[in-house]
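To start, the structure under review is shown below, and the notes come after it.
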Amino acid sequence: MDVYEAVTSRRAVRAFTDRPVPRGVLERVVSAAARAPSASNLQPWHTYVVTGVSLAEIKKRAGERLATGDPWDEPEYEQYPPALKPPYRERRSAFGEQRYGALGIAREDMEARQRAASANWDCFGAPAALFCYIDRDMGWPQWSDVGMYLQTVMLLLRAEGLHSCTQMAWAKFHRTVAEVLSPPDELLLFCGMSIGFEDATARDARTGRAPLDETVTFVDGL
């Protein structure tokens with residue numbers, strides 16, 4: 001797949017078929033993604049690629065927590081600033097309206113919104129998932145390295161005809177994931193990533209992007 005096609009066709013897919021993802025494809029993707037850039041070649045990502053009974057167990061335990069109203073785990077990092085300022089606040093709000101609007105969920109229907117959000121912890125039906133950890137001792141530059149690694153994974157998945165969805169939502173259930181994966185204590189769960197073949201029959205909305213002049217400044221000459 002052409003690089004531009006991979007970039008423009010990548011999006012957060014939230015509905016997958018149960019068609020299995022071959023182990024060889026997953027190995028090929030994460031092997032190539034290891035070439036992602038990182039400062040001083042630290043390679044600060046630690047990933048668990050999970051399928052089969054192990055992923056089913058994580059989903060089951062997460063579902064049981066949701067069903068019993070078990071509160072989210074104590075956050076280990078701040079996902080958003082406490083008070084988002086413009087234009088970020090408006091962009092986040094527009095995303096929510098578009099996302100739930102595509103599902104036919106009204107803004108005031110909080111119960112339906114919560115049901116839709118709970119699909120996160122079933123990986124939106126995906127048969128494969130990646131859980132990405134970072135060492136607790138790492139700083140903000142290494143977090144950016146992890147972001148570049150995850151983007152590389154997602155673009156390589158597109159080259160394989162697969163889709164994905166990164167999910168900070170899994171950080172809210174990091175204890176549940178750890179019960180199955182048993183990561184070392186020094187690792188912190190940044191996010192999960194659902195991986196699979198898109199369910200083309202599901203309702204979906206592709207979010208737009210800000211006009212270029214809002215995010216990019218071209219400077220010519222002196």
Side-chain angles (χ1 to χ4, degrees), residues 1 3-14 26 28-50 72-96 120 123 128-160 162-174 177-178 181 183-195 206-219:
M1 181 181 288
V3 175
Y4 279 89
E5 184 183 354
V7 171
T8 56
S9 65
R10 186 219 62 80
R11 67 186 191 282
V13 165
R14 295 180 175 86
L26 295 170
R28 185 161 59 242
V29 165
V30 293
S31 294
R35 303 300 305 177
S38 60
S40 298
N41 199 31
L42 292 187
Q43 305 165 68
W45 46 82
H46 297 263
T47 58
Y48 292 75
V49 180
V50 189
W72 290 342
D73 296 334
E74 189 71 23
E76 297 191 290
Y77 67 91
E78 195 171 80
Q79 294 187 4
Y80 301 100
L84 275 176
K85 62 183 181 181
Y88 314 111
R89 181 178 62 239
E90 288 75 15
R91 290 175 186 167
R92 187 182 185 190
S93 177
F95 162 76
N120 270 288
C123 293
L130 179 152
F131 293 93
C132 185
Y133 288 79
I134 185 171
D135 195 296
R136 298 176 188 275
D137 292 337
M138 293 293 109
W140 293 118
Q142 286 74 54
W143 283 73
S144 71
D145 292 340
V146 169
M148 289 188 283
Y149 168 78
L150 292 169
Q151 173 76 341
T152 302
V153 169
M154 290 186 283
L155 296 181
L156 289 166
L157 289 169
R158 289 301 304 122
E160 298 286 354
L162 295 162
H163 276 285
S164 62
C165 181
T166 50
Q167 302 161 268
M168 287 191 295
W170 277 109
K172 302 179 188 298
F173 276 11
H174 61 83
V177 178
L181 301 185
D185 290 340
E186 64 267 22
L187 296 185
L188 177 154
L189 179 59
F190 171 41
C191 70
M193 180 190 295
S194 297
I195 298 171
R206 179 152 196 184
T207 55
R209 293 295 183 265
L212 203 61
D213 60 6
E214 285 189 17
T215 60
V216 178
T217 300
F218 289 95
V219 181

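- Taking the side chain as every heavy atom from C-beta outward, Tyr149 and Val30 approach each other to under 4.5 Å.
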Quiz prompt | side chain to side chain contact (heavy atoms under 4.5 Å, CB included) evaluation trace for Arg209 with Thr207 | solution = CA-CA 7 Å; Arg209 293 295 183 265; Thr207 55; 3.2 Å; yes
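- Closest approach of Tyr80 to Arg92, counting heavy atoms only: CE1-NH2, 3.4 Å.
- The structure places CD of Gln43 at 8.5 Å from CZ of Arg35, a figure rounded to the nearest 0.5 Å.
- Looking at every heavy atom in both residues, Ala171 comes nearest to Gln79 through CB-NE2, 4.1 Å.
- Counting only heavy atoms from C-beta outward, the side chains of Val3 and Met1 never approach each other to under 4.5 Å.
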- prompt: How far apart are the C-alpha atoms of Met168 and Tyr77, what are their side-chain angles, what is the distance that settles it, and do they pass the side chain to side chain contact (heavy atoms under 4.5 Å, CB included) test?
  reply: CA-CA 10 Å; Met168 287 191 295; Tyr77 67 91; 3.5 Å; yes
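- Using modelled atom types, one side-chain atom of Arg89 and one backbone atom of Leu84 make a donor-acceptor pair closer than 3.5 Å.
- A 4.5 Å side-chain heavy-atom check between His46 and Glu186 finds every atom pair outside the cut-off.
- When all heavy atoms of Leu157 and Met193 are compared, the closest pair comes out as CD1-SD, 4.0 Å.
- Side-chain contact check for Val177 versus Tyr48: every heavy-atom pair is 4.5 Å or farther apart.
- Here the CD-NZ distance, from Gln167 to Lys172, works out to 12.0 Å after rounding to the nearest 0.5 Å.
- Remark: the backbone N or O of Thr8 is not paired with any side-chain donor or acceptor of Arg158 at under 3.5 angstrom.
- When all heavy atoms of Leu150 and Cys191 are compared, the closest pair comes out as CD1-SG, 3.6 Å.
- Residues Met138 and Leu42 come closest through the heavy atom pair SD-CD1, 4.5 Å.
- Using a 4.5 Å heavy-atom cutoff, the side chains of Leu212 and Phe218 are in contact.
- Side-chain atoms of Gln151 do not come within 3.5 Å of backbone N or O of Met148 as any donor-acceptor pair.
- For Trp45 and Phe190, the ring centers are positioned 6.0 Å apart or more.
- Here the closest non-hydrogen pair linking Trp170 and Asn120 is NE1-O, 3.6 Å.
- Taking CD1 of Ile134 as the start and CG of Asp145 as the end, the distance is 8.0 Å to the nearest 0.5 Å.
- Within the 4.5 Å cutoff, no side-chain heavy atoms of Asp135 are placed close to those of Pro44.
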